[in-house]
Engineer: 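What follows is a structure written as structure tokens; I'll ask about it next.
By convention here, the first residue in the shown sequence is residue 1.
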Amino acid sequence: MRRSLTALILLLITIPIGLAVRFLPLHLPWFLYKYLGSALWAAALYWFLATLLPKLRPQTLAALAILIATLIELSRLISIAAIDAFRLTLPGRILLGRYFSIKNIAAYIFAIILCTLLDRRLYPERTLGNKAESA
């Protein structure tokens with residue numbers, strides 16, 4: 001329960017920062033403006049999954065988050081009218097994005113790895129109910 005609460009708090013911190021990066025005139029350098037939002041989106045995905053699935057090991061959460069983020073990015077290459085229409089809305093832009101970029105996948109992986117390292121630091125495997133260590 002404690003790990004789930006921590007992940008939720010980190011998610012609730014990450015979301016407004018990501019929205020600020022995307023929508024406020026922060027005058028960030030182009031590179032940060034372009035990829036920090038993507039990295040924060042992936043971090044939010046990781047913390048969302050950690051909130052819902054707190055018993056999963058960080059490496060498992062990372063693999064799941066990378067898979068989901070990559071599939072969402074790849075989905076931009078396929079045109080489906082209903083999804084394309086949703087992508088034109090503000091929630092659609094935030095959740096699914098509009099344009100495919102392989103560089104976004106790199107930003108996702110980088111951010112998810114950082115989240116995994118933080119998660120492992122906050123909750124070493126022995127605190128996640130690893131039965132092999134407790135036996």
Engineer: Measure across Val21 and Gly37 and return the closest heavy-atom pair with its distance rounded to 0.1 Å.
Structural biologist: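 Nearest pair, atom of Val21 first, then Gly37: CG1-N, 3.8 Å.
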Engineer: Under 4.5 Å between side-chain heavy atoms, counting indirect links through other Ile/Leu/Val/Met/Phe/Trp/Tyr residues: same cluster for Leu67 and Leu53 or not?
Structural biologist: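 No; tracing contacts between hydrophobic side chains, which count when under 4.5 Å, never links both residues.
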Engineer: To the nearest 0.5 Å, what is the distance between CG on Asp119 and OG1 on Thr6?
Structural biologist: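 Answer rounded to 0.5 Å: 9.0 Å.
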Engineer: Determine, using the 4.5 Å side-chain heavy-atom cutoff (strictly less than), whether Leu114 and Ile17 are members of one ILVMFWY cluster.
Structural biologist: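 The answer is no; the residues belong to distinct hydrophobic clusters.
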Engineer: Would you say the side chain of Phe48 lies within less than 4.5 Å of the side chain of Ile15, judging by non-hydrogen atoms?
Structural biologist: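 No; the side chains remain at least 4.5 Å from each other.
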Engineer: Can you tell me if Tyr46 and Thr14 form a side-chain donor-acceptor pair at under 3.5 Å?
Structural biologist: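 No, Thr14 and Tyr46 have no side-chain donor paired with an acceptor closer than 3.5 Å.
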Engineer: Would Phe23 end up clustered with Leu40 when hydrophobic side chains under 4.5 Å apart are linked, directly or stepwise?
Structural biologist: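 In one cluster with Phe23: Leu40, no.
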Engineer: Would the distance check show the side chain of Arg76 and the main-chain N or O of Leu96 forming a donor-acceptor pair, the cut-off being under 3.5 Å?
Structural biologist: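 Flag set: sc Arg76 to bb Leu96 pair under 3.5 Å.
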Engineer: So, taking the atom named CD1 in Ile66 and the one named OH in Tyr108, what distance separates them when rounded to the nearest 0.5 Å?
Structural biologist: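 Separation between the atoms: 12.5 Å.
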Engineer: Would Leu90 end up clustered with Leu95 when hydrophobic side chains under 4.5 Å apart are linked, directly or stepwise?
Structural biologist: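 Same hydrophobic cluster.
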Engineer: Glu73 side chain to Ser101 main-chain N or O, any donor-acceptor pair under 3.5 Å?
Structural biologist: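 Yes, Glu73 side chain to Ser101 backbone: donor-acceptor pair under 3.5 Å.
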Engineer: Quick one: closest heavy-atom pair of Asp84 and Ser79, and the distance?
Structural biologist: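 In terms of heavy atoms, the two residues are closest at OD2-OG, 2.6 Å.
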Engineer: Drop me the distance from Ile105's CD1 to Leu71's CG, to the nearest 0.5 angstrom.
Structural biologist: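 Spacing of CD1 (Ile105) from CG (Leu71) equals 9.0 Å.
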Engineer: Under 4.5 Å between side-chain heavy atoms, counting indirect links through other Ile/Leu/Val/Met/Phe/Trp/Tyr residues: same cluster for Ile13 and Tyr123 or not?
Structural biologist: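 No, Ile13 does not connect to Tyr123 through the hydrophobic network.
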Engineer: Indicate the atoms forming the closest heavy-atom contact of Thr89 with Phe86, along with that distance.
Structural biologist: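 In this case the closest contact between Thr89 and Phe86 is OG1-O, 2.6 Å.
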Engineer: Nearest 0.5 Å, please: how far is CG in Leu52 from NZ in Lys55?
Structural biologist: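 If we round to the nearest 0.5 Å, Lys55:NZ and Leu52:CG are 14.0 Å apart.
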Engineer: For residues Leu49 and Ile68, determine if any side-chain heavy atom of one lies less than 4.5 Å from a side-chain heavy atom of the other.
Structural biologist: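 A side-chain contact exists here, since the closest heavy-atom pair is under 4.5 Å.
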Engineer: Are the side chain of Ser4 and the backbone N or O of Met1 linked by a donor-acceptor pair below 3.5 Å?
Structural biologist: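 Not a single qualifying donor-acceptor pair exists.
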Engineer: Can you tell me how far CZ of Arg3 sits from CG of Leu10, rounded to the nearest 0.5 angstrom?
Structural biologist: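 Going from CG on Leu10 over to CZ on Arg3, the span is 11.0 Å.
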Engineer: Could you tell me if Ser38 and Arg22 have a donor-acceptor pair between their side chains, going purely by distance under 3.5 Å?
Structural biologist: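 Short answer, yes.
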Engineer: Kindly write out the residues that satisfy salt bridge (Lys or Arg N to Asp or Glu O under 4.0 Å) with Arg87, not counting sequence neighbours, or none if the list is empty.
Structural biologist: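 Checked Arg87 against salt bridge (Lys or Arg N to Asp or Glu O under 4.0 Å); zero matches.
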Engineer: In Å and rounded to the nearest 0.5 Å, what is the CD1 to CG distance from Ile112 to Leu117?
Structural biologist: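 It comes to 12.0 Å.
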Engineer: Describe, in one word, how the ring planes of Tyr35 and Trp30 are oriented to each other, choosing from parallel (under 30°), tilted (30 to 60°) and perpendicular (over 60°).
Structural biologist: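 Ring orientation, 0 to 90° scale: perpendicular.
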